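This one's a predicted model, so the numbers in the text were calculated from it and none came from an experiment. Note that these values count all heavy atoms, side chains included, but never hydrogens, waters or copies made by symmetry. Convention: sequence-line order gives letters A, B, ...; per-chain numbering from 1.
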Protein chains: 2
Amino acid sequence: MKKRRVPRMNEQESAAWLGLTTVFSLLPSALDRQLQRDSGLTHFEFVVLSTLQLSPEPTMRMTTLAQATDATLPRLSHVVGRLEKRRLVARSTCPEDRRATNVGLTGDGRRVLIRSVPGHIATARRLVIDALTPEQLDALTEITGAIGAKLAEESGDPPPESLSSPARKSSGPKTS
Amino acid sequence: MKKRRVPRMNEQESAAWLGLTTVFSLLPSALDRQLQRDSGLTHFEFVVLSTLQLSPEPTMRMTTLAQATDATLPRLSHVVGRLEKRRLVARSTCPEDRRATNVGLTGDGRRVLIRSVPGHIATARRLVIDALTPEQLDALTEITGAIGAKLAEESGDPPPESLSSPARKSSGPKTS
DNA sequence: ACCGTTTGGTTGACGCGACAAGTAATCGGT
DNA sequence: ACCGATTACTTGTCGCGTCAACCAAACGGT
């Protein structure tokens with residue numbers, strides 16, 4: 001048991017943390033509700049369909065799709081299964097590697113997605129974008145980027161400069 | 001169906017939005033994992049215990065606790081039920097209003113909470129606080145505050161000036 | 001050519017949260 | 001004093017995500 005001495009946060013820090021956790025607990029559900037109500041889609045289903053449509057190829061491998069959407073493979077498998085029952089996507093065994101599965105958007109899927117986009121963007125705008133000044137938008141991009149970097153280096157390997165130093169687990173490079 | 005004309009986001013906006021959604025999908029689970037691993041607590045259970053301890057009174061009503069933790073009553077009821085089985089909280093019928101239930105921290109609960117705090121703060125620090133400059137912390141506070149305000153006025157009643165107009169349920173105030 | 005290993009994905013069981021329905025106590029009107 | 005309405009919770013059911021176990025195809029060494 002190493003007491004790391006991280007006693008408590010100062011006021012500035014706890015204000016930011018409190019704000020973050022509050023938004024965390026409220027925003028995702030608000031987003032989900034709107035999408036569910038207007039289009040019958042979960043936010044994650046929306047992300048899956050969007051990712052498929054943005055792909056240059058007409059189909060994607062399950063694993064690739066899972067990585068692109070930050071999902072575990074079982075989760076993706078379940079969701080794709082449901083979407084397939086609703087005829088929004090189609091699965092087919094990859095001919096080159098018969099273990100793999102290719103997923104593609106159906107016509108219905110594309111239509112449903114396209115119809116759901118405006119409402120979703122409108123909600124995003126209403127709840128977030130319109131609430132912020134351009135400077136705050138830039139700040140938000142930087143902030144989320146910084147947090148995202150920490151998260152990436154935490155779980156998994158650090159995307160940048162992974163070949164220079166072999167798996168150092170702690171340390172703060174502090175390249176700011 | 002009123003086409004609201006919310007065409008698409010410019011690059012600045014979509015960058016911020018993308019960053020936000022990414023952090024959204026990763027940070028909560030990271031937080032939960034750490035807490036679960038080190039203390040056997042869900043993040044929400046942690047919030048419940050913390051709220052109870054911060055309360056000036058030794059016990060809280062279920063409804064009050066639900067509001068304080070942004071939870072629905074059924075959810076809270078389930079969670080408190082589990083926590084009670086683990087002897088971390090205790091329920092008792094309120095003597096003044098026998099419909100109501102008072103929840104209080106037990107000694108075990110207090111101990112578990114206290115032991116879990118440092119690790120949680122350390123994680124918060126590691127993933128978020130340390131990733132940001134003081135200016136970014138302030139910016140984050142403002143940003144989350146602005147979003148939180150939008151969320152509040154969206155679902156439920158707008159916190160400011162609620163007494164001027166009596167409970168209007170539908171309608172779009174459209175005060176933009 | 002064969003068998004162990006690794007890769008790619010699916011399936012089943014459990015836990016948690018949302019929603020709806022139910023119960024019990026209190027309030028309020030007549 | 002009584003009965004409907006409201007309040008404060010609880011309980012049951014369902015959907016989704018996670019974890020573990022599983023199966024099948026491809027690789028790789030000998």
Side-chain angles (χ1 to χ4, degrees), chain A residues 24-37 40-49 59-86 88-104 155, chain B residues 24-37 40-48 59-86 88-104 155 167:
Chain A
F24 261 35
S25 61
L26 298 183
L27 218 184
S29 55
L31 240 44
D32 252 340
R33 246 196 314 278
Q34 178 272 325
L35 219 39
Q36 186 74 47
R37 179 168 51 76
L41 290 176
T42 304
H43 182 250
F44 180 64
E45 291 172 338
F46 177 83
V47 169
V48 167
L49 296 182
T59 68
M60 273 177 101
R61 291 265 186 85
M62 290 292 284
T63 304
T64 313
L65 188 53
Q67 288 168 347
T69 57
D70 286 319
T72 62
L73 211 38
R75 179 183 184 186
L76 184 62
S77 187
H78 281 138
V79 170
V80 167
R82 288 171 226 141
L83 289 176
E84 191 178 33
K85 277 187 196 93
R86 294 163 64 185
L88 301 184
V89 302
R91 269 193 283 208
S92 60
T93 309
C94 175
E96 305 154 6
D97 185 343
R98 297 174 41 75
R99 292 171 299 181
T101 306
N102 287 327
V103 199
S155 53
Chain B
F24 261 33
S25 62
L26 298 182
L27 219 185
S29 56
L31 240 44
D32 252 340
R33 246 196 313 279
Q34 178 273 325
L35 219 39
Q36 185 73 46
R37 180 169 51 78
L41 291 176
T42 303
H43 182 251
F44 180 64
E45 290 172 339
F46 176 84
V47 169
V48 167
T59 67
M60 274 178 102
R61 296 269 258 266
M62 290 291 285
T63 304
T64 314
L65 188 53
Q67 288 167 347
T69 58
D70 284 320
T72 61
L73 210 40
R75 180 183 185 186
L76 183 63
S77 186
H78 281 138
V79 169
V80 167
R82 287 171 226 142
L83 289 175
E84 191 178 33
K85 277 187 196 94
R86 295 163 63 186
L88 301 184
V89 303
R91 267 191 285 206
S92 60
T93 309
C94 175
E96 306 154 7
D97 184 345
R98 298 174 40 76
R99 294 170 299 180
T101 307
N102 286 327
V103 199
S155 53

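- B:Leu73 places its CG atom 16 Å from the P atom of D:dG12, with the value rounded to the nearest Å.
- To the nearest angstrom, P of C:dC19 lies 13 Å from CZ of A:Arg37.
- Atoms NE2 (B:His43) and C1' (C:dG17) sit 16 Å apart, rounded to a whole Å.
- The only member of B:Val103, B:Leu88, B:Thr42 that meets side chain to side chain contact (heavy atoms under 4.5 Å, CB included) when paired with B:Leu83 is B:Leu88.
- Annotation: side chain of B:Arg61 is in contact with side chain of B:Asn102 (closest heavy-atom distance under 4.5 Å).
- Rounded to an integer number of Å, the gap from CG of B:Asp32 to C1' of C:dG17 is 13 Å.
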- The contact string for nucleotides 13-24 of chain D, one letter per nucleotide 5' to 3', using protein heavy atoms under 4.0 Å with B, S and - for base, sugar-phosphate only and none, comes out as ---SSBBB----
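- For B:Met62 and C:dA24, the CE to C1' distance is 15 Å, given to the nearest whole Å.
- Look at CD on B:Glu96: it is 14 Å from C1' on C:dT26, rounded to the nearest Å.
- Contact annotation: the side chain of B:Arg91 approaches that of B:Ser77 to within less than 4.5 Å [non-hydrogen atoms, C-beta and beyond].
- Closest approach to the A:Asp97 side chain among C:dT10, D:dT10, D:dA25 is made by D:dA25 (side chain taken as heavy atoms from C-beta onward).
- When all heavy atoms are compared, the tightest approach of A:Gly40 to A:Glu45 is O-OE1, 4.0 Å.
- The two residues B:Leu41 and B:Arg86 have their closest heavy-atom pair at CD2-NH2, 3.9 Å.
- The shortest side-chain heavy-atom distance between A:Leu35 and A:Leu31 does not fall under the 4.5 Å cut-off.
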